[in-house]
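Notes for the one structure printed next.
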Amino acid sequence: MTSANVSVSRTHEEKITTDIISREIRLVSRPKGMPTADNFALVETELEPLEDGQVLVRNLYMSVDPYMRGRMNDGKSYVPSFELGKPLEGGAVGEVIQSRTQEFKAGDAVTSNFGWREYFMASPKELHLVSHEIQPLSVYLGVLGMTGMTAWAGLNLVEVKASDIIFISGAAGAVGSVAGQLAKLRGCQVIGSAGSMEKVKFLREECGFDIAFDYKVSPILEQLNLDVPDGIDVYFDNVGGEMLEAALSVLRVHGRIVACGGISSYNQEKPQPGPSNLFNMTTKRLTMKGLLVRDWLDRQGEFEQEVGGYFRAGKLKNKETVVVGIDQAVGAFIGLFEGKNLGKMVVKLD
Ligand SMILES: NC(=O)c1ccc[n+]([C@@H]2O[C@H](COP(=O)([O-])OP(=O)(O)OC[C@H]3O[C@@H](n4cnc5c(N)ncnc54)[C@H](OP(=O)(O)O)[C@@H]3O)[C@@H](O)[C@H]2O)c1
């Protein structure tokens, strides 16, 4: 794991009223290009006493996700920027320590958007009860959480069906590895690209991909032409850039693209030109659909039933890379852009 230890400081806030010390990661400057440890600070705070209507939660796992990089920039985007000097936010799963509400009791397991900190207080509407029966609870950040739901929603968005040949980039990551497994369960032929031979082996041997290749060893288009000479029906894009360009070349007439992410550009300081072969959209009458998982929240029950069912039946793997300690969270986050994770990158809070 990247060594990206952040400096620790104590706040000098006036209201020091309990003896619970919580450490949290704050954004202290906006990254230019690849984030560095200097953009963050690990700060200790003392929690105030719990008030009526509040729940005190200790986080057990927190998520680091590529989209958080966009929130570190200034300016208007589809998600609000993180504020400087404030703790970062993100998915987390934790245990209720104390509750002054009817809805939750000590011992309950809950998910929230209060990641990047060890403890927090919240109102019931900011928490979602999950079952302790599924272990480790980090699965609610992976297959049964936001990234699993993104994979599921992406396949539904372009109506992936058994006869499709689907190519997934970033295939060994959180979204990609679930998208590929779900596509296999639908009966598709599945091709994936990833950044190392270890990842390629994982895709072939553990996730059931028909074909997987390391996009770093030779030109992507060359590898696709070799592996799928008759082309693909669906491209699930997690990467953008050169990968999207190669996919546009090998998509068949009436092919579909799930525009899920573009991680190859998240740290670029200047916008890059689009694919040089975009005219394929016209000549092949392609469809490209943008995906935001939050648009699918009204179908969460359906997702939990279908994907949870596969998971409980042992048909779906929740692969994860676990980094231990909040002081390692920044390194885990940066590691996403260096391909350090196999499956979902999570931080276990000790
Ligand atoms: N639209 C939505 O609602 C939504 C929701 C969640 C996630 N997403 C997007 O989905 C994508 C995957 O997210 P995730 O959470 O599953 O992350 P992830 O794939 O688990 O982790 C990121 C992976 O991206 C690859 N990568 C990093 N830099 C790259 C580059 N320059 N070129 C090619 N690959 C690169 C690395 O794998 P390699 O070793 O293979 O390079 C790395 O392990 C991201 O683009 C994310 O923003 C979208």
Side-chain angles (χ1 to χ4, degrees), residues 1-2 33-35 62-72 77-79 90-91 115 138 141-143 145-158 167-182 191-203 207 209 212-217 220 223 235-247 257-268 272 288-297 299-300 303 318-323 332-347:
M1 186 50 50
T2 313
M34 182 73 107
M62 55 161 271
S63 182
V64 288
D65 297 276
Y67 81 89
M68 293 171 175
R69 176 63 187 84
R71 294 195 66 186
M72 292 172 189
S77 179
Y78 72 101
V79 273
S138 52
L141 305 177
V143 166
M146 185 275 282
T147 51
M149 188 154 166
T150 303
W152 175 82
L155 299 186
N156 286 330
L157 184 69
V158 299
F167 167 50
I168 301 167
S169 57
V175 174
S177 61
V178 178
Q181 291 181 76
L182 290 177
I191 297 102
S193 64
S196 72
M197 277 319 289
E198 183 201 3
K199 292 185 180 187
V200 165
K201 194 165 180 282
F202 160 69
L203 293 175
C207 298
F209 280 55
F213 65 86
D214 179 349
Y215 69 90
K216 292 180 176 166
V217 301
I220 300 156
Q223 301 203 55
Y235 172 46
F236 195 119
D237 191 14
N238 289 314
V239 169
E242 202 189 330
M243 204 72 81
L244 173 59
E245 192 162 292
I257 301 170
V258 184
C260 175
I263 195 166
S264 66
S265 68
Y266 293 175
N267 289 311
Q268 282 169 354
Q272 299 298 302
M288 184 172 192
K289 287 192 174 178
L291 169 71
L292 274 189
V293 65
R294 67 176 185 209
D295 294 344
W296 290 70
L297 292 180
R299 291 181 64 179
Q300 186 152 1
F303 157 73
N318 180 55
K319 188 76 173 181
E320 52 188 28
T321 299
V322 184
V323 169
F333 171 66
I334 294 172
L336 292 171
F337 302 99
E338 301 170 330
K340 294 275 168 67
N341 58 309
L342 188 54
K344 175 79 189 98
M345 181 78 101
V346 292
V347 181

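Remember, it's 1-based here, ligands and their atoms both numbered in the order they're listed.
Of the listed options Ile263, Asp214, Thr321, Ile263 places a heavy atom closest to atom 25 (C) of ligand 1. For the residues Val175, Leu342, Leu157, the heavy atom positioned nearest atom 7 (C) of ligand 1 is part of Val175.
Residue-to-ligand polar distances keep Met146 apart from ligand 1: every N/O pair is separated by 3.5 Å or more. Between Cys260 and ligand 1, at least one N/O pair is under 3.5 Å apart. Between Met243 and ligand 1, not a single N/O pair is under 3.5 Å apart. At under 3.5 Å, not a single nitrogen or oxygen of Glu338, backbone or side chain, sits near a nitrogen or oxygen of ligand 1. For ligand 1, the polar-atom distance check against Gly261 finds no nitrogen or oxygen pair separated by under 3.5 Å.
In this structure, Ala172 falls outside the shell of residues with a heavy atom less than 4.0 angstrom from ligand 1.
Looking at atom 3 (O) of ligand 1, its nearest protein heavy atom turns out to be Val293 N, 2.8 Å. Ranking the protein heavy atoms by distance from atom 37 (O) of ligand 1 puts Lys199 NZ, 3.4 Å first. The closest protein non-hydrogen atom to atom 19 (O) of ligand 1 is Gly173 CA, 3.3 Å. With hydrogens left out, the protein atom closest to atom 1 (N) of ligand 1 is Leu291 O, 2.7 Å, a heavy atom. In terms of protein heavy-atom proximity, atom 47 (O) of ligand 1 is nearest to Tyr266 OH, 2.7 Å. Among protein heavy atoms, atom 10 (O) of ligand 1 sits closest to Asn238 OD1, 3.3 Å.
Distance check: Met197 CE to Phe202 CZ gives 14.0 Å after rounding to the nearest 0.5 Å.
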